[in-house]
Amino acid sequence: MKNFSYLCKLFRKKIMKGFASDNYSGVHPQILKAISDVNVDHATAYGGDVYTEKAIQQFKQLLGNSVEVYFTFNGTAANVLGLKALTQPHHAVICAETAHIHVDECGAPERFTGCKLLTVPTKDGKLRIADIEKFQSLVDFEHHVQPKVISISQTTELGTLYTPDEIKVLADYAHSKNMYLQMDGARIANAAVALSLSIKEFTFDCGVDVLSFGGTKNGMMYGEAIVFADVSLCENFKYIRKQGMQLSSKMRYISAQFSAYLTDDLYLKTARHSNAMAQLLVEKLNTVSEIEITQKSSANAVFAKLPKAIIQPLQETYFFYEWNEDIHEARLMCSWDTTEKEIEDFVLLIKKLLK
(Lines give C-alpha, C1' and ligand atoms only; values in the text may rest on other atoms or scores of the structure.)
Protein backbone atom coordinates (compact mmCIF):
# COMPACT_ATOMS: atom_id res chain seq x y z
CA MET A 1 0.00 0.00 0.00
CA LYS A 2 2.54 2.60 -1.17
CA ASN A 3 -0.16 5.28 -1.56
CA PHE A 4 -1.39 4.95 2.02
CA SER A 5 -0.19 8.41 3.11
CA TYR A 6 -1.70 10.07 0.06
CA LEU A 7 -5.05 8.42 0.69
CA CYS A 8 -5.06 9.36 4.36
CA LYS A 9 -4.44 13.01 3.47
CA LEU A 10 -7.21 12.84 0.90
CA PHE A 11 -9.58 11.27 3.40
CA ARG A 12 -8.86 13.98 5.98
CA LYS A 13 -9.73 16.69 3.45
CA LYS A 14 -13.09 15.18 2.55
CA ILE A 15 -15.98 13.49 4.26
CA MET A 16 -15.86 10.22 2.35
CA LYS A 17 -17.42 6.82 2.54
CA GLY A 18 -15.88 3.99 0.68
CA PHE A 19 -14.60 0.46 0.82
CA ALA A 20 -11.23 0.87 2.53
CA SER A 21 -11.96 -1.02 5.74
CA ASP A 22 -14.81 -2.18 7.94
CA ASN A 23 -12.82 -0.46 10.71
CA TYR A 24 -13.75 2.87 9.14
CA SER A 25 -17.47 2.49 9.75
CA GLY A 26 -19.25 4.12 12.65
CA VAL A 27 -20.79 2.54 15.73
CA HIS A 28 -24.13 0.78 15.57
CA PRO A 29 -26.85 2.81 17.37
CA GLN A 30 -27.66 -0.09 19.69
CA ILE A 31 -24.03 -0.26 20.75
CA LEU A 32 -23.92 3.47 21.43
CA LYS A 33 -27.10 3.18 23.46
CA ALA A 34 -25.60 0.34 25.50
CA ILE A 35 -22.60 2.53 26.37
CA SER A 36 -24.91 5.34 27.41
CA ASP A 37 -27.12 3.01 29.45
CA VAL A 38 -24.24 1.92 31.69
CA ASN A 39 -22.95 5.46 32.09
CA VAL A 40 -24.80 5.91 35.38
CA ASP A 41 -23.66 5.93 39.00
CA HIS A 42 -20.49 4.06 39.95
CA ALA A 43 -19.42 0.50 39.13
CA THR A 44 -16.57 -1.64 40.41
CA ALA A 45 -13.46 -1.11 38.32
CA TYR A 46 -11.30 -3.61 36.41
CA GLY A 47 -14.14 -5.95 35.47
CA GLY A 48 -15.64 -6.50 38.88
CA ASP A 49 -18.94 -5.01 37.73
CA VAL A 50 -22.29 -6.64 36.95
CA TYR A 51 -22.08 -5.63 33.28
CA THR A 52 -18.87 -7.55 32.74
CA GLU A 53 -20.27 -10.60 34.51
CA LYS A 54 -23.34 -10.47 32.27
CA ALA A 55 -21.25 -10.25 29.10
CA ILE A 56 -19.05 -13.17 30.19
CA GLN A 57 -22.14 -15.29 30.85
CA GLN A 58 -23.42 -14.44 27.37
CA PHE A 59 -20.11 -15.64 25.90
CA LYS A 60 -20.44 -18.88 27.84
CA GLN A 61 -23.97 -19.38 26.52
CA LEU A 62 -22.66 -18.83 22.99
CA LEU A 63 -19.40 -20.78 23.16
CA GLY A 64 -19.74 -23.24 26.05
CA ASN A 65 -19.64 -23.13 29.83
CA SER A 66 -16.00 -24.22 29.99
CA VAL A 67 -14.62 -21.18 28.14
CA GLU A 68 -12.74 -18.38 29.88
CA VAL A 69 -13.24 -14.82 28.60
CA TYR A 70 -11.03 -11.73 28.93
CA PHE A 71 -11.68 -8.34 27.33
CA THR A 72 -9.03 -6.13 25.72
CA PHE A 73 -9.04 -2.78 23.98
CA ASN A 74 -8.13 -3.96 20.48
CA GLY A 75 -7.45 -6.87 18.16
CA THR A 76 -3.67 -6.66 18.20
CA ALA A 77 -3.74 -7.12 21.96
CA ALA A 78 -6.21 -9.99 21.70
CA ASN A 79 -3.90 -11.83 19.30
CA VAL A 80 -0.66 -11.01 21.06
CA LEU A 81 -1.80 -11.79 24.60
CA GLY A 82 -3.62 -14.92 23.50
CA LEU A 83 -0.39 -16.16 21.92
CA LYS A 84 1.62 -15.07 24.96
CA ALA A 85 -0.50 -17.31 27.18
CA LEU A 86 0.43 -20.35 25.07
CA THR A 87 4.12 -19.81 24.51
CA GLN A 88 7.60 -19.31 25.90
CA PRO A 89 10.21 -17.13 24.12
CA HIS A 90 11.95 -20.15 22.57
CA HIS A 91 8.71 -21.13 20.81
CA ALA A 92 7.49 -20.26 17.31
CA VAL A 93 4.10 -19.46 15.83
CA ILE A 94 3.24 -20.78 12.37
CA CYS A 95 1.00 -18.54 10.26
CA ALA A 96 0.21 -17.62 6.67
CA GLU A 97 2.45 -14.92 5.19
CA THR A 98 -0.68 -12.79 4.78
CA ALA A 99 -1.67 -13.16 8.45
CA HIS A 100 -2.51 -9.99 10.34
CA ILE A 101 -0.08 -10.97 13.10
CA HIS A 102 2.71 -10.99 10.50
CA VAL A 103 1.75 -8.08 8.25
CA ASP A 104 -0.21 -5.56 10.26
CA GLU A 105 0.81 -5.68 13.91
CA CYS A 106 4.16 -3.88 13.68
CA GLY A 107 6.10 -6.81 15.12
CA ALA A 108 4.05 -6.79 18.34
CA PRO A 109 3.60 -10.58 18.46
CA GLU A 110 7.33 -11.17 18.23
CA ARG A 111 8.24 -8.37 20.62
CA PHE A 112 5.80 -9.24 23.38
CA THR A 113 5.86 -13.04 23.14
CA GLY A 114 9.55 -13.33 22.27
CA CYS A 115 8.53 -15.95 19.72
CA LYS A 116 9.50 -16.15 16.08
CA LEU A 117 6.78 -16.15 13.43
CA LEU A 118 7.25 -18.88 10.83
CA THR A 119 5.32 -17.85 7.73
CA VAL A 120 3.87 -19.95 4.94
CA PRO A 121 3.25 -18.70 1.37
CA THR A 122 -0.39 -19.16 0.41
CA LYS A 123 -2.52 -18.00 -2.51
CA ASP A 124 -5.78 -17.91 -0.58
CA GLY A 125 -4.68 -17.01 2.95
CA LYS A 126 -5.30 -20.53 4.29
CA LEU A 127 -2.87 -22.95 5.94
CA ARG A 128 -2.77 -26.63 5.09
CA ILE A 129 -0.95 -29.53 6.73
CA ALA A 130 1.32 -29.99 3.73
CA ASP A 131 2.50 -26.39 4.16
CA ILE A 132 3.47 -26.70 7.81
CA GLU A 133 4.81 -30.24 8.17
CA LYS A 134 8.30 -29.03 7.23
CA PHE A 135 8.56 -27.19 10.54
CA GLN A 136 8.57 -30.47 12.44
CA SER A 137 12.23 -30.81 11.46
CA LEU A 138 12.94 -28.09 14.05
CA VAL A 139 11.50 -30.05 16.96
CA ASP A 140 13.79 -31.09 19.81
CA PHE A 141 16.83 -29.39 18.32
CA GLU A 142 18.18 -26.76 20.68
CA HIS A 143 19.57 -24.53 17.94
CA HIS A 144 16.10 -23.85 16.52
CA VAL A 145 12.91 -22.30 17.79
CA GLN A 146 10.27 -24.85 18.69
CA PRO A 147 6.91 -24.72 16.85
CA LYS A 148 4.17 -24.32 19.47
CA VAL A 149 1.17 -22.60 17.90
CA ILE A 150 -0.58 -22.70 14.55
CA SER A 151 -2.37 -19.38 14.02
CA ILE A 152 -5.18 -19.01 11.48
CA SER A 153 -7.55 -16.18 10.60
CA GLN A 154 -11.29 -16.69 10.13
CA THR A 155 -12.18 -15.06 7.81
CA THR A 156 -8.71 -14.85 6.29
CA GLU A 157 -7.04 -11.63 5.28
CA LEU A 158 -7.92 -12.52 1.67
CA GLY A 159 -11.60 -12.87 2.49
CA THR A 160 -11.62 -16.65 2.25
CA LEU A 161 -13.02 -19.14 4.76
CA TYR A 162 -11.89 -22.28 6.54
CA THR A 163 -14.50 -25.03 6.67
CA PRO A 164 -15.06 -26.78 10.01
CA ASP A 165 -13.35 -29.89 8.62
CA GLU A 166 -10.28 -27.88 7.63
CA ILE A 167 -10.09 -26.34 11.09
CA LYS A 168 -10.46 -29.71 12.80
CA VAL A 169 -7.68 -31.19 10.67
CA LEU A 170 -5.35 -28.37 11.73
CA ALA A 171 -6.36 -28.66 15.38
CA ASP A 172 -5.89 -32.44 15.42
CA TYR A 173 -2.48 -32.06 13.79
CA ALA A 174 -1.45 -29.35 16.26
CA HIS A 175 -2.51 -31.39 19.27
CA SER A 176 -0.78 -34.51 17.97
CA LYS A 177 2.46 -32.50 17.89
CA ASN A 178 2.00 -30.95 21.34
CA MET A 179 0.99 -27.65 19.76
CA TYR A 180 -2.00 -25.31 19.98
CA LEU A 181 -4.38 -23.81 17.45
CA GLN A 182 -5.11 -20.08 17.80
CA MET A 183 -7.72 -18.29 15.70
CA ASP A 184 -7.75 -14.59 14.82
CA GLY A 185 -11.48 -13.95 14.67
CA ALA A 186 -11.51 -10.24 13.89
CA ARG A 187 -14.35 -11.01 11.46
CA ILE A 188 -15.69 -14.06 13.23
CA ALA A 189 -19.34 -12.99 12.88
CA ASN A 190 -18.94 -12.65 9.11
CA ALA A 191 -17.56 -16.19 9.03
CA ALA A 192 -20.53 -17.51 11.04
CA VAL A 193 -22.98 -15.96 8.60
CA ALA A 194 -21.08 -17.23 5.56
CA LEU A 195 -20.88 -20.78 6.96
CA SER A 196 -24.46 -20.75 8.34
CA LEU A 197 -23.06 -22.16 11.59
CA SER A 198 -22.82 -21.05 15.18
CA ILE A 199 -19.39 -19.74 16.14
CA LYS A 200 -18.93 -22.61 18.56
CA GLU A 201 -19.40 -25.15 15.76
CA PHE A 202 -16.33 -24.00 13.83
CA THR A 203 -14.15 -22.97 16.75
CA PHE A 204 -14.15 -24.88 20.03
CA ASP A 205 -16.12 -27.84 18.66
CA CYS A 206 -13.31 -28.23 16.10
CA GLY A 207 -10.48 -28.00 18.62
CA VAL A 208 -9.52 -24.31 18.60
CA ASP A 209 -7.62 -23.53 21.81
CA VAL A 210 -7.72 -19.73 21.84
CA LEU A 211 -9.98 -17.39 19.90
CA SER A 212 -9.66 -13.64 19.36
CA PHE A 213 -13.31 -12.63 19.15
CA GLY A 214 -13.72 -9.37 17.24
CA GLY A 215 -16.44 -6.75 17.35
CA THR A 216 -14.83 -3.49 16.26
CA LYS A 217 -15.07 -4.33 12.55
CA ASN A 218 -18.75 -5.18 12.88
CA GLY A 219 -20.43 -2.28 14.65
CA MET A 220 -18.69 -1.92 18.03
CA MET A 221 -16.79 1.21 19.08
CA TYR A 222 -13.79 -0.64 20.48
CA GLY A 223 -12.98 -3.81 22.38
CA GLU A 224 -12.15 -7.41 21.59
CA ALA A 225 -12.35 -10.62 23.59
CA ILE A 226 -9.82 -13.38 24.15
CA VAL A 227 -11.65 -16.66 24.65
CA PHE A 228 -9.80 -19.73 25.94
CA ALA A 229 -11.22 -23.20 25.45
CA ASP A 230 -10.84 -23.89 29.19
CA VAL A 231 -9.13 -22.67 32.33
CA SER A 232 -6.07 -24.90 31.85
CA LEU A 233 -4.93 -22.66 28.99
CA CYS A 234 -5.02 -19.36 30.83
CA GLU A 235 -3.29 -19.91 34.14
CA ASN A 236 -1.97 -16.55 35.34
CA PHE A 237 -3.51 -14.82 32.34
CA LYS A 238 -4.93 -12.04 34.49
CA TYR A 239 -1.33 -11.02 35.19
CA ILE A 240 -0.38 -11.29 31.52
CA ARG A 241 -3.27 -8.99 30.59
CA LYS A 242 -2.27 -6.46 33.25
CA GLN A 243 1.39 -6.46 32.17
CA GLY A 244 0.16 -6.16 28.59
CA MET A 245 -1.58 -2.89 29.52
CA GLN A 246 -4.98 -4.25 28.51
CA LEU A 247 -6.79 -4.34 31.84
CA SER A 248 -9.40 -1.64 31.44
CA SER A 249 -10.31 0.18 34.64
CA LYS A 250 -13.75 1.16 33.33
CA MET A 251 -14.36 -2.20 31.74
CA ARG A 252 -18.13 -1.82 31.81
CA TYR A 253 -17.88 0.28 28.63
CA ILE A 254 -16.37 -2.66 26.75
CA SER A 255 -18.59 -5.24 28.43
CA ALA A 256 -21.78 -3.31 27.69
CA GLN A 257 -20.88 -3.23 24.01
CA PHE A 258 -20.38 -6.99 23.87
CA SER A 259 -23.57 -7.55 25.80
CA ALA A 260 -25.58 -5.53 23.27
CA TYR A 261 -23.61 -7.11 20.41
CA LEU A 262 -24.60 -10.61 21.52
CA THR A 263 -28.20 -9.75 22.41
CA ASP A 264 -30.86 -10.77 19.86
CA ASP A 265 -28.09 -11.81 17.45
CA LEU A 266 -27.08 -8.24 16.62
CA TYR A 267 -23.60 -9.50 15.71
CA LEU A 268 -25.14 -11.77 13.07
CA LYS A 269 -27.50 -9.12 11.72
CA THR A 270 -24.70 -6.64 11.12
CA ALA A 271 -22.45 -9.31 9.60
CA ARG A 272 -25.27 -10.63 7.44
CA HIS A 273 -25.74 -7.17 5.96
CA SER A 274 -22.04 -6.56 5.22
CA ASN A 275 -21.72 -10.01 3.64
CA ALA A 276 -24.79 -9.37 1.48
CA MET A 277 -23.37 -6.04 0.35
CA ALA A 278 -20.13 -7.76 -0.67
CA GLN A 279 -22.08 -10.26 -2.76
CA LEU A 280 -23.96 -7.41 -4.41
CA LEU A 281 -20.65 -5.68 -5.12
CA VAL A 282 -19.30 -8.83 -6.77
CA GLU A 283 -22.45 -9.11 -8.85
CA LYS A 284 -22.18 -5.50 -10.04
CA LEU A 285 -18.43 -5.69 -10.71
CA ASN A 286 -18.94 -8.81 -12.81
CA THR A 287 -20.89 -6.67 -15.28
CA VAL A 288 -17.66 -4.79 -16.05
CA SER A 289 -15.51 -6.86 -18.42
CA GLU A 290 -12.33 -4.94 -17.56
CA ILE A 291 -12.49 -6.05 -13.91
CA GLU A 292 -11.33 -9.43 -12.60
CA ILE A 293 -12.42 -10.81 -9.23
CA THR A 294 -9.29 -12.50 -7.84
CA GLN A 295 -10.55 -14.29 -4.71
CA LYS A 296 -13.80 -16.03 -3.91
CA SER A 297 -15.79 -13.54 -1.86
CA SER A 298 -17.00 -15.60 1.07
CA ALA A 299 -17.81 -12.84 3.55
CA ASN A 300 -17.51 -9.05 3.40
CA ALA A 301 -14.29 -8.63 1.42
CA VAL A 302 -13.96 -8.34 -2.35
CA PHE A 303 -10.60 -8.55 -4.11
CA ALA A 304 -10.53 -7.31 -7.70
CA LYS A 305 -8.04 -6.23 -10.34
CA LEU A 306 -8.91 -2.77 -11.63
CA PRO A 307 -7.57 -0.97 -14.71
CA LYS A 308 -4.65 1.15 -13.52
CA ALA A 309 -5.93 4.33 -15.16
CA ILE A 310 -9.11 4.50 -13.10
CA ILE A 311 -7.73 3.72 -9.64
CA GLN A 312 -6.64 7.19 -8.54
CA PRO A 313 -9.67 8.99 -10.05
CA LEU A 314 -11.91 6.44 -8.35
CA GLN A 315 -10.17 6.99 -5.02
CA GLU A 316 -10.96 10.71 -5.25
CA THR A 317 -14.59 9.80 -4.54
CA TYR A 318 -14.45 6.38 -2.87
CA PHE A 319 -11.76 5.54 -0.34
CA PHE A 320 -10.16 2.10 -0.86
CA TYR A 321 -6.69 0.57 -0.95
CA GLU A 322 -4.69 -1.22 -3.57
CA TRP A 323 -3.86 -4.53 -1.91
CA ASN A 324 -1.28 -5.50 -4.54
CA GLU A 325 -0.06 -2.50 -6.49
CA ASP A 326 2.01 -4.65 -8.86
CA ILE A 327 -1.13 -6.15 -10.39
CA HIS A 328 -3.51 -3.29 -9.46
CA GLU A 329 -5.55 -5.50 -7.18
CA ALA A 330 -7.87 -3.63 -4.82
CA ARG A 331 -9.36 -4.80 -1.55
CA LEU A 332 -12.94 -3.57 -1.21
CA MET A 333 -14.49 -4.00 2.23
CA CYS A 334 -18.21 -3.78 2.95
CA SER A 335 -19.44 -2.74 6.39
CA TRP A 336 -22.55 -3.03 8.51
CA ASP A 337 -23.60 0.41 7.21
CA THR A 338 -22.76 -0.04 3.51
CA THR A 339 -25.80 0.69 1.33
CA GLU A 340 -26.95 -0.68 -2.00
CA LYS A 341 -26.91 2.83 -3.44
CA GLU A 342 -23.25 3.29 -2.53
CA ILE A 343 -22.38 0.11 -4.38
CA GLU A 344 -24.47 1.03 -7.41
CA ASP A 345 -22.98 4.52 -7.56
CA PHE A 346 -19.45 3.11 -7.16
CA VAL A 347 -19.87 0.76 -10.12
CA LEU A 348 -21.55 3.47 -12.20
CA LEU A 349 -18.51 5.68 -11.62
CA ILE A 350 -16.21 2.83 -12.67
CA LYS A 351 -18.16 2.48 -15.93
CA LYS A 352 -18.05 6.22 -16.49
CA LEU A 353 -14.26 6.33 -15.98
CA LEU A 354 -13.78 3.47 -18.41
CA LYS A 355 -15.55 5.23 -21.27
Side-chain angles (χ1 to χ4, degrees), residues 31 34 38 43-44 46-72 75 77-79 81-86 149-152 154 162-165 167-168 170-172 174-175 179-193 195-215 218 220 223-242 246-248 251-271:
I31 302 292
V38 301
T44 307
Y46 303 111
D49 58 274
V50 295
Y51 310 107
T52 298
E53 179 57 31
K54 178 183 177 181
I56 289 172
Q57 289 306 313
Q58 287 175 279
F59 268 99
K60 288 179 177 289
Q61 290 169 13
L62 182 70
L63 300 173
N65 287 327
S66 67
V67 302
E68 296 291 322
V69 184
Y70 295 84
F71 298 134
T72 66
N79 284 331
L81 298 186
L83 292 170
K84 176 67 175 174
L86 302 177
V149 181
I150 298 171
S151 177
I152 62 175
Q154 179 77 322
Y162 287 93
T163 67
D165 286 344
I167 295 168
K168 189 175 188 309
L170 288 169
D172 288 346
H175 298 156
M179 299 170 66
Y180 298 109
L181 180 65
Q182 182 260 357
M183 179 181 286
D184 179 346
R187 298 183 176 92
I188 197 74
N190 299 93
V193 169
L195 291 169
S196 297
L197 295 171
S198 72
I199 293 175
K200 182 174 182 287
E201 287 178 293
F202 63 90
T203 58
F204 298 113
D205 285 353
C206 293
V208 170
D209 296 296
V210 181
L211 168 66
S212 294
F213 191 109
N218 193 37
M220 282 178 48
E224 311 283 306
I226 307 172
V227 188
F228 295 90
D230 60 63
V231 70
S232 68
L233 298 170
C234 55
E235 183 181 5
N236 296 323
F237 186 75
K238 60 184 180 180
Y239 308 113
I240 293 173
R241 180 172 63 172
K242 177 64 176 180
Q246 291 294 314
L247 178 60
S248 174
M251 196 177 293
R252 59 175 152 160
Y253 297 102
I254 298 177
S255 306
Q257 291 182 70
F258 270 118
S259 190
Y261 189 60
L262 298 178
T263 296
D264 296 330
D265 292 340
L266 178 61
Y267 71 106
L268 295 178
K269 293 172 185 175
T270 47

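Annotation for Gln58 and Ser259: closest pair OE1-OG, 2.5 Å, computed over non-hydrogen atoms. The shortest non-hydrogen separation linking Pro164 to Leu197 is CG-CD1, 3.4 Å. Minimum heavy-atom separation, Leu268 to Ala192: CD2-CB, 4.0 Å. Between Glu224 and Ala78, the shortest heavy-atom contact is CB-CB, 4.1 Å. Ala256 and Val38 make their closest contact through CB-CG1, 3.6 Å (heavy atoms, listed as atom of the first residue, atom of the second, distance). Among all heavy-atom pairs drawn from Ile240 and Ala85, the shortest one is CD1-CA, 4.0 Å.
Checked against the 6.0 Å centroid criterion, the rings of Tyr51 and Tyr253 do not qualify as a close aromatic pair. In this structure, the ring of Tyr162 has its center no less than 6.0 angstrom from the ring center of Phe202.
Judged purely by atom type and a 3.5 angstrom limit, Ser212 has no side-chain atom pairing as donor or acceptor with the backbone of Ala186.
Using a 4.5 Å heavy-atom threshold, the side chains of Tyr180 and Ile150 count as separate. Annotation: side chain of Ser255 is in contact with side chain of Phe71 (closest heavy-atom distance under 4.5 Å). Under the 4.5 Å side-chain criterion, counting only non-hydrogen atoms from C-beta, Asp184 is not in contact with Gln154. Two residues are said to be in side-chain contact when any heavy atoms from C-beta on lie closer than 4.5 Å; Val69 and Ile226 fail this criterion. Using a 4.5 Å cut-off on side-chain heavy atoms (C-beta onward), Val67 and Lys200 make no contact. Side-chain contact between Glu68 and Tyr70 is present, with at least one heavy-atom pair separated by less than 4.5 Å. With contacts defined as side-chain heavy-atom distances shorter than 4.5 Å, the pair Ile188/Thr203 qualifies. Residues Gln182 and Asn79 form a side-chain contact, since some pair of their non-hydrogen atoms from C-beta on lies under 4.5 Å apart.
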Practice task
Show your working on side-chain hydrogen bond (donor to acceptor under 3.5 Å, both in side chains) between Asp230 and Ser232 and close with a plain yes or no.
Solution key: CA-CA 6 Å; Asp230 60 63; Ser232 68; 2.3 Å; yes
Exercise for the section: Mind running side-chain hydrogen bond (donor to acceptor under 3.5 Å, both in side chains) on Asp49 and Thr44 for me, showing each step along the way? Expected result: CA-CA 5 Å; Asp49 58 274; Thr44 307; over 6 Å; no
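No side-chain donor-acceptor contact under 3.5 Å links Gln57 and Gln61.
With Phe228 as the partner, the side-chain contact (heavy atoms from CB on, under 4.5 Å) test is satisfied by one option alone out of Asp209, Val210, Val208, Leu211: Val210.
Atom CD of Glu201 is surrounded by more than 12 heavy atoms from other residues, nucleotides or ligands within 6.0 Å. Other residues, nucleotides and ligands contribute over 12 non-hydrogen atoms within 6.0 Å of the NZ atom of Lys60.
A tilted orientation is assigned to the rings of Tyr267 and Phe213, their planes being inclined by 30° to 60°.
Taken to the nearest 0.5 Å, the OG atom of Ser198 stands 8.0 Å off from the CG atom of Leu63.
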